[in-house]
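Here is the structure we will look at, set down as structure tokens.
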Amino acid sequence: MTILIVQAALILIFLMQRRRRWRVQAALEESEALNRAVLASLPGYVAILDRDGVLLQSNRAWPRPGALQAPRRLAEIQLGQSYIEAFRKAAAAGDVGAVLAVEHVVATLTGRHVDGAVEYRCPMGERWLEVRAEPLTRPEGGAVVSHLDITERKRAEVDARSVRAELAHVHRVAAMGELAASIAHELNQPLAAILTNAESAQWLIDREQIDRRMVHDMLQDIIADDSRAAEVIRRMRALLRKGEVRSSTHDLNDLAGEVVRLLSNDAALRGVSITLALAPLPLYVRGDGVQLQQVLLNLVVNALDAVARRPPGERRVWGRTTQRGDWCELSVEDTGDGVAEGDLERVFERFYSTKPDGLGMGLPISRTIVEAHGGRLRASRRPEGGAIFCCTLPTARDRGGPG
Amino acid sequence: MTREQATVYVVDDDVSVLRSLGRMFEIAGYVVRTFAHPRELLERVPEGLGCAVLDLRMPDLNGLELQEALTRVGCAMPVVLISGHGDIPAAVQAMKAGAVDFLPKPVRSSDLLNAVERALAQHASAREAMTEREAIRARFAALTPRERDVCRLLAQGLQSKEIAVELGTAEQTVRLQRARAMEKLKVHSVVNLARMVALLGE
């Protein structure tokens, strides 16, 4: 009798264990099905890598080798192949963008994951992918790497940039008109000296006794003044330059000094005194020197216009630079009528202008440029009357050369 | 001519222009003094025959203001203005203020020398006139008070008889004083005497 009970118990236990295994199996299968469904539904190209960067699984969208319209770089990596090796090889062959992408993935695999994405430009086909890597929290490690096609977005960005550049160029050309008086004067000085020296040299060599030393000195001065004139033209050309944004390190003090120099004749003509109060040490910022100068030019010209209606002696403009830790600050102050409290933001709107012939584009463009450089442009009121326009830019981390 | 004794004073804040003008005037035979800062010219006010060549637009003190300042300290030296700005209003203002000429830069040496010549001729004749006036004034001052009174009344058109009544003396005395005055003043007619008195503003 006891043997029967024991046998029954054993059979029961066996059945129960089998059922548990079935349940576990079913749960596992369900989980796997869930995984597969999720993977298949994900947009973009998704890969699951093991800790060494080998492709374990990919979603349905993952390109097959030879697939048209698909990023070749990804199509080259199939199950069992090393994602990392493929990208590293590409980088060595000259695909510079691949470096950033693979470093991001490697960092995630080795526990140094940083949030965020890396933009990768496919060398053939001009597609842009946004690469994101997430670590897999399991003992075997690994990562999920997704690649989202952001080509449309990038194209829109480039378009917007070129429209902005176009607008900025137009604005620069318009601003040149305001500088016309300064340009004419700056060129007239060296031209005047050249003419006088040339005529004097002619007299000298017509004489019985030619004073060679003096003729030599005159010719030397002519050459120097010619360079001076050429420099003026070069600077003006640079200001008018249309083209790609160039990035390098600049000292705000130098930029400010140059702009004030450019406008000093104009200011003198209008009876305005411009005072420069510069920080004692250089203020390094990264960006396009021409664009930054354009902003400063805009601010100072506005200030000159603002004080025009003041009686002579009360037309004052200040340019100040200050270092504030991670930020470099440049402000332009004037003794004009100032900006009304409610208009402090309005002045940055397109087509808002208080000048009868104003375009109303100077400040919006300037703000766009400053913000594109990671900075801010604000207007405020001067307690004693007048306006302050303050531009802050991030301090350049390193003083490397052109970027 | 007056060329050798004349001094040209050049003021321009552009170093290269200043140097070229200095050389040019020297070669042309003038004595030249150059100044980069307007105030330097005011520090030692020029005397003697000369003229100033000033740049119109200079920081601190512009050409027009310098011209005014010179006049204020009693310097009658004529001024030629040059400028790199095409500044019509300033040019008009300069001419109205009595500048000899206004020349835009770049300026031809011949034009500038021409203007300087005119300026110096102007200064020379003004100085001559002034010297003469000084001489006459000295002569007038050498008259006795009575002689001066007679002269003034003669200039007003009064006859000797009337002057005698006016001054309460005899007509004979008046005639004598008139003769002495005319001798001292070196004039030969009463008309000229009257003119001279008017010139002196007596």
Side-chain angles (χ1 to χ4, degrees), chain A residues 179-211 213-229 231-232 260-261 263-276 312-313, chain B residues 8 10-30 32 34 36-38 53-66 80-91 93-94 102-116:
Chain A
L179 288 177
S182 289
I183 302 168
H185 185 260
E186 284 215 50
L187 283 177
N188 273 337
Q189 299 283 54
L191 284 178
I194 288 173
L195 179 58
T196 307
N197 278 323
E199 288 179 319
S200 300
Q202 273 190 323
W203 290 340
L204 283 185
I205 62 175
D206 277 344
R207 289 188 174 174
E208 284 285 314
Q209 296 274 59
I210 301 176
D211 184 342
R213 175 85 250 162
M214 189 164 264
V215 171
H216 180 91
D217 288 347
M218 287 171 180
L219 293 175
Q220 196 63 50
D221 278 358
I222 287 174
I223 292 171
D225 279 322
D226 178 86
S227 295
R228 197 160 46 128
E231 180 59 25
V232 170
V260 168
R261 230 184 74 84
L263 289 172
S264 61
N265 291 306
D266 202 28
L269 258 174
R270 303 205 218 182
V272 179
S273 87
I274 304 185
T275 312
L276 265 183
Chain B
V8 179
V10 187
V11 187
D12 196 316
D13 64 323
D14 188 289
V15 166
S16 189
V17 170
L18 190 65
R19 193 161 53 231
S20 69
L21 289 175
R23 276 189 197 128
M24 191 272 286
F25 282 119
E26 243 182 63
I27 294 170
Y30 293 96
V32 193
T34 55
H37 303 290
V53 175
L54 314 174
D55 185 271
L56 186 59
R57 296 283 170 190
M58 294 182 281
D60 189 28
L61 205 61
N62 71 30
L64 282 177
E65 290 164 352
L66 184 53
V80 174
L81 288 158
I82 57 178
S83 173
H85 290 274
D87 201 349
I88 309 288
Q93 207 183 338
F102 176 92
L103 299 166
K105 285 176 179 171
V107 52
R108 295 207 78 94
S109 304
S110 52
D111 292 340
L112 187 52
L113 287 172
N114 201 296
V116 163

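Labels below follow one simple rule: chain letters A, B, ... track the order of the sequence lines, proteins then strands, and each chain is numbered from 1. Treat the numbers as computed from the prediction; the structure is a model and nothing was measured. For the numbers below, each heavy atom of this structure counts, side chains included, while hydrogens, waters and symmetry mates do not.
Checked for salt-bridge contact, Asp14(B) and Arg228(A) meet the test: a charged N lies under 4.0 Å from a carboxylate O. Between Arg19(B) and Asp217(A) there is no salt bridge, since no side-chain nitrogen of the basic residue lies less than 4.0 Å from a carboxylate oxygen of the acidic one.
No side-chain heavy atom of Glu199(A) sits less than 4.5 Å from a side-chain heavy atom of Met24(B). Looking only at side-chain heavy atoms (C-beta outward), Pro106(B) and Asn188(A) come within less than 4.5 Å of each other. In this structure, Arg207(A) and Ile27(B) have side chains that are in contact, with non-hydrogen atoms separated by less than 4.5 Å.
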For side-chain contact (heavy atoms from CB on, under 4.5 Å), just list the numbers for Val17(B) and Thr196(A), CA-CA rounded to whole Å, side-chain angles, deciding distance to a tenth of an Å, and then say yes or no.
CA-CA 8 Å; Val17(B) 170; Thr196(A) 307; over 6 Å; no
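Side-chain contact, Asp225(A) with Ser16(B): a donor N or O sits under 3.5 Å from an acceptor N or O.
Atom OG of Ser20(B) and atom CG of Leu195(A) lie 8.5 Å apart (nearest 0.5 Å). In this structure, CD in Gln189(A) is found 11.0 Å from CG in Leu18(B), a value given to the nearest 0.5 Å. Note that CG of Leu204(A) is 9.5 Å distant from CZ of Arg23(B), once rounded to the nearest 0.5 Å.
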